Amino acid sequence: MTAFSTLGGKLGGPCGIQELMQELGRALSGDPDMRMLGGGNPAAIPEMQALWREQWRRLLEEEPERLDRALVNYDPPGGNPAFRRAMAAFLQRECGWSCREENVVVMPGGQAAFFDLFTLLAGHDGCKKILFPIAPEYIGYANQALHPDAFISIPGAIEELPEHTFKYHIDFDRLRAALTPEVAAICLSCPTNPTGNVVSTAELNQLRELAAARGIPLILDQAYGMPFPGAIYTEWTPVWDEHLIVSISLSKLGLPGTRTSVIVASERITSALANMNAVLALANGNLGQALLLPLLEGGGLPRAVREVIRPYYENKSRLANQVLRAALEDRAPYALHKSEGAFFLWLWLKQCPVSAEELYQRLKRRKVLVVPGHYFFFGLSAPWAHEHECLRITFSQPEAVVREGLEILADEVAVAYRE
Ligand SMILES: Cc1ncc(COP(=O)(O)O)c(C=O)c1O
């Protein structure tokens with residue numbers, strides 16, 4: 001049997017994100033009894049599904065030539081020119097950004113975009129690093145480093161709040177100490193997957209200043225944020241300038257199947273990413289772009305974000321918080337991260353006698369799928385007990401599924417604290 005290369009073994013072997021996607025796919029397609037409080041799948045929001053079906057219908061019945069062109073043609077590797085123009089105009093209009101179409105590059109989903117960005121900026125030789133200012137951070141980045149030392153994360157500073165609530169902040173002293181000349185970029189998701197954290201404007205500005213002073217980009221992953229899908233339940237002004245690299249995905253609008261996202265960045269970065277698209281995939285899939293284009297040109301998207309998506313997930317967040325808090329009562333010394341965006345509850349089980357990994361296994365046996373916290377703490381310089389005390393719980397599935405899952409989870413947690 002041919003042995004894989006070191007890099008091949010790393011990318012082709014099992015890892016957290018692969019297990020997560022495998023279980024998500026299996027639960028959603030083959031195991032109707034599993035309560036899927038795992039992955040980051042968007043909810044099937046009826047209004048959004050109707051909106052996408054209407055876009056399909058229009059393409060099929062009213063603009064068959066546009067559909068034919070989308071199906072029969074490879075786009076240029078940076079994306080469909082009309083889509084890039086429309087996206088730049090949309091961002092200028094809706095966000096007041098001074099970007100041009102050259103600052104917009106279409107990517108085959110945010111996940112692939114981050115792999116390309118990390119490879120572009122940090123490479124494989126270990127001399128350059130990506131700095132994540134708050135651990136925990138998105139599981140999907142964890143295995144994208146081509147060198148074991150390419151990622152550094154700073155443990156989030158915990159602020160304990162009343163009523164079983166907490167919030168992570170950036171520990172700027174530790175961040176400054178970690179900002180060595182090898183750091184090639186700072187990266188954070190906001191709202192953060194897994195915690196639902198939204199950094200304050202003051203924290204964001206400080207990060208921007210630190211990055212700009214060192215001449216390195218700040219990468220802002222807006223998978224759940226603005227300008228879409230807008231699953232953000234607090235104040236947030238979308239920002240961009242040439243020192244920022246902003247990732248915006250179509251997935252959480254309800255289109256993960258189209259595997260389409262955009263990166264907004266300096267032309268130097270967007271050109272390099274377009275070239276990488278050519279090398280890796282020739283071109284992007286263009287159906288997602290074809291579906292979204294009319295909404296970028298009309299006013300439909302901001303309205304859908306404001307009136308459908310945000311209230312939908314905000315209600316789900318409120319409900320999940322209520323159900324879990326009521327179910328846990330005083331049965332465990334827990335805290336939930338302040339839910340400021342995204343699709344997740346982040347549960348901290350303080351000094352839990354049973355690890356999050358073991359709880360995950362026990363819950364799976366009771367047909368509840370969650371994600372144990374340790375996957376989200378990559379790049380730390382020292383082990384942190386906290387990473388084995390947290391669970392990520394997705395609340396985007398139907399209410400009955402979430403409710404049942406949370407009640408079973410609370411039972412298992414209570415059992416764990418009695419051990
Ligand atoms: C924070 C974050 N970034 C990026 C992605 C990648 O999403 P996609 O590849 O579907 O655009 C996800 C997916 O859940 C995510 O949660």
Side-chain angles (χ1 to χ4, degrees), residues 55 66 69-70 73-121 185 187 189-190 208 211 217-230 236-253 255-256 258-302 304-305:
Q55 298 309 312
R66 194 158 74 83
R69 276 201 307 279
N73 291 337
Y74 288 110
D75 273 338
N80 182 282
F83 180 85
R84 290 175 80 180
R85 263 195 309 280
M87 189 73 191
F90 173 83
L91 295 171
Q92 289 160 16
R93 200 172 62 239
E94 295 299 328
C95 307
W97 295 358
S98 58
C99 57
R100 295 168 295 118
E101 65 182 277
E102 293 80 7
N103 300 118
V104 173
V105 59
V106 179
M107 300 298 293
Q111 185 67 19
F114 277 89
F115 180 76
D116 289 0
L117 273 173
F118 296 150
T119 301
L120 186 67
L121 297 166
C187 175
S189 61
C190 182
R208 292 175 74 180
L218 173 63
I219 308 174
L220 206 49
D221 184 348
Q222 292 284 282
Y224 301 88
M226 297 298 277
F228 57 77
W236 177 263
T237 307
V239 288
W240 180 81
D241 63 33
E242 295 232 345
H243 303 294
L244 285 175
I245 300 176
V246 177
S247 175
I248 305 167
S249 173
L250 274 56
S251 293
K252 313 303 175 183
L253 284 174
L255 295 177
T258 66
R259 309 310 303 128
T260 308
S261 72
V262 298
I263 290 285
V264 191
S266 68
E267 209 178 324
R268 182 160 173 264
I269 300 280
T270 55
S271 306
L273 290 174
N275 294 344
M276 290 175 95
N277 278 340
V279 173
L280 293 170
L282 300 182
N284 295 289
N286 43 20
L287 288 176
Q289 297 173 69
L291 287 176
L292 193 66
L293 182 69
L295 295 177
L296 292 177
E297 289 170 339
L301 197 53
V305 164

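The model shown is predicted, which means the values in this text are computed figures rather than measured ones.
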Heavy-atom pair of closest approach, residues [X] and [Y]:
X	Y	answer
V305	G230	CG1-CA, 3.8 Å
R100	A88	C-CB, 3.6 Å
E242	S266	OE1-CB, 3.7 Å
W97	P238	NE1-O, 3.0 Å
L121	P217	CD1-CG, 4.3 Å
C99	L91	SG-CB, 3.7 Å

Q) After noting the C-alpha distance and the side-chain angles of I245 and I269, does the key distance pass the side-chain contact (heavy atoms from CB on, under 4.5 Å) rule? A) CA-CA 8 Å; I245 300 176; I269 300 280; 4.1 Å; yes

Q) Is R66 reaching over with its side chain to a backbone N or O of A290, donor-acceptor style, under 3.5 angstrom? A)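 Side chain of R66 to backbone of A290: a pair is present.
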
Q: Output yes when a side-chain donor or acceptor of R85 lies under 3.5 Å from a complementary backbone atom of E101, and no otherwise.
A: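 Judged by distance alone, no pair lies under 3.5 Å.
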
Q: Can you spot which of L255, V262, L291 makes a side chain to side chain contact (heavy atoms under 4.5 Å, CB included) with L250?
A: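 Going through L255, V262, L291 one by one, the side chain to side chain contact (heavy atoms under 4.5 Å, CB included) with L250 is satisfied by L255 alone.
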
Q) With P77, which of L280, N277, V105, N275 fulfils side chain to side chain contact (heavy atoms under 4.5 Å, CB included)? A)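 Testing each of L280, N277, V105, N275 against P77, the sole residue satisfying side chain to side chain contact (heavy atoms under 4.5 Å, CB included) is N277.
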
I need the [X] [atom1] to [Y] [atom2] distance, nearest 0.5 Å.
X	Y	atom1	atom2	result
N103	I263	CG	CD1	12.5 Å
L295	F90	CG	CZ	9.0 Å
S249	Q111	OG	CD	10.0 Å
T270	M107	OG1	CE	10.5 Å
L117	C187	CG	SG	8.0 Å

I'd like to check [X] versus [Y] (side-chain heavy atoms, cut-off strictly below 4.5 Å). Are they in contact?
X	Y	result
Q55	P294	yes
Y224	S189	no
R93	P302	no
N286	N80	no
M87	V106	no
W240	S98	yes
E94	L301	no

Q: Could you go through the side-chain contact (heavy atoms from CB on, under 4.5 Å) check for T260 and L292 one step at a time?
A: CA-CA 10 Å; T260 308; L292 193 66; over 6 Å; no

(Q) Could you walk me through whether F83 and L296 satisfy the side-chain contact (heavy atoms from CB on, under 4.5 Å) test, starting with their C-alpha distance in whole Å, then the side-chain angles of each, then the deciding distance to 0.1 Å, before giving a yes or no? (A) CA-CA 9 Å; F83 180 85; L296 292 177; 3.6 Å; yes

Q: Walk me through it: do C190 and Q222 pass the test side-chain contact (heavy atoms from CB on, under 4.5 Å)?
A: CA-CA 6 Å; C190 182; Q222 292 284 282; 4.2 Å; yes

